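Values in this document were obtained by computation on a predicted structure and should not be read as measured data. Every chain is numbered from 1, with letters handed out A, B, ... down the list of sequences.
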Amino acid sequence: MRLKINGEIKKNILAATLKELLEELGITPGRVAVEVNMQVIKKTDYASFRLYDGDVLEIVNFVGGG
Amino acid sequence: MEDMLIIKGIEFRSRLWVGTGKYKDFEQTARAIEASGADVVTVAVRRTNITDRKSSNLLDYIDPKKYKILPNTAGCYTVADALRYSRLAREAGVSDLIKLEVIGDEKTLFPDVIGLLEATGILAKEGFIVFPYTNDDPVMARRLADAGAAAVMPLAAPIGSGLGIRNPYNLKIILDTIKLPIIVDAGVGTASDVAIAMELGCDAVLLNTAIAGAKDPIAMAEAMKHAVLAGRLAYKAGRIPRKLYATASSPIEGIL
C-alpha cells in the first residue's frame, strides 16, 4: 500500500490500521496527533481505523515554540 | 496560596508563562524554564520526524505532569489552518488549552484580528480554552471576550522585537474595561518590561525570545521570575501618584 505521510510518498506499507502503521514507523502514539485525509483521528480509534491505498496522513508532535 | 491566578477553574502557580523556542538545545530549554519558575510552557505543533526514530522529543525534557503545556498555532495565516492546528494540538496533548495565533503579516507578525475573532468563537464553542494573541486594541479585546476567549493576550510589541511595552495606555484601558484575565504576550525585551506590565495590573506575562535570546538565558529566566513577582507586588501595594513638583520627605519643622 502507498501512503503519503508528512508530504512524503511511502511505498510498501504493510500496516492495515493506524495503530499498526505507527508501530511500523516506530512512533509512540502517546505524544503525536494524526490526521488522515484532513480528519483528526482520536487516539482511542487508532486500533480500529483502517488505512487505504492513497490516504494522506499528517503525523505531528510538539516542538519548541513561543 | 493567595494571589493565585485562576482561569476557567485552572490554578496557575506562576504569573510568568514561557515559550520553548529558539534555545540552543532541549537541555538549555529545560534549565531556563526551571529557573523561570513558570508552570505554563508554550509549544508549537509540527510534523514528526518519521525517518529518524532516535530524534529526541521536547516532552522528554519538559514533563507535562510538572508543567501546563500550552500549544500554539504559530505559523497559521488563515482561520482554517488555525482550527486545524488547534484540533491536532488537542489530540496530541492532554488539555483543551490553546494559544491562538492567526497571523496577518509576515514582517510584523501582527495578528489578523478578523480571522482571530472568528477562530476564537469557533474553538470556544468546541470546548477549547482559548488564549488569543491579539493587538493592544481595547475594542478587539472586548470582542474576543464576547466571543468566548478564556483570557485576552495583547502584544507588548512585535514578536521577538524586544521593544517592551509600546503602549501602556492602551493596555491600561484594556485592563480597565475587560473583566477577563489579561496576559501580555510578545515583545518583551528585559526584566523591567515585565515589571511594567505587571505594575499596570496585567495578570501574567508570556515571553520566549527575551529569555532564549539572552546571552545567559538561565540568568535572564531568573531575572524574569523576580520581575513578575516585583511588578505584581508593586501593583498590589499601590504606587504613589505622579506629580510634577517635589514633596519633601524630611520634616520642615526643626530646620535651623
Under 3.5 Å, is there a donor-acceptor pair linking the side chains of B/Thr209 and B/Lys22? yes
Please determine, by modelled atom types, if B/Thr108 and B/Asp105 share a side-chain donor-acceptor pair under 3.5 angstrom. yes
Please confirm whether the backbone N or O of A/Asp55 pairs with a side-chain atom of A/Asn37, one donor and one acceptor, at under 3.5 Å? no
Where the side chain of B/Thr42 meets the backbone of A/Gly65, is there a donor-acceptor pair that is under 3.5 Å apart? yes
Neighbours of chain A found in residues 77-93 of chain B - heavy atoms under 4.5 Å: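 Near chain A, by residue number: B/Arg84, B/Arg87, B/Leu88, B/Ala89, B/Glu91, B/Ala92, B/Gly93.
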Would you mind reporting whether [Y] and [X] have side-chain heavy atoms less than 4.5 Å apart?
X	Y	answer
B/Ile62	B/Ile69	yes
A/Leu51	A/Met1	yes
B/Ile10	B/Ile129	yes

Check the orientation of B/Phe26 and B/Tyr61. Use parallel for under 30°, tilted for 30 to 60°, and perpendicular for over 60°.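 If you compare the ring of B/Phe26 with that of B/Tyr61, the planes turn out tilted.
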Is chain B contacted by the side chain of [X], its backbone, both, or neither, given a heavy-atom distance below 4.5 Å?
X	value
A/Val63	both
A/Glu24	backbone
A/Ile27	side chain

When [options] are compared by non-hydrogen pairs under 4.5 Å with chain A, the top option:
options	answer
B/Val45, B/Ile159, B/Asn49, B/Leu206	B/Val45
B/Ala212, B/Gly21, B/Gly160, B/Pro71	B/Gly21
B/Asn208, B/Leu58, B/Val43	B/Val43

Is it possible for you to check whether A/Lys19 lies under 6.0 Å from the centre of the six-membered ring of A/Phe49, through NZ or CZ, and within 45° of that ring's axis? no
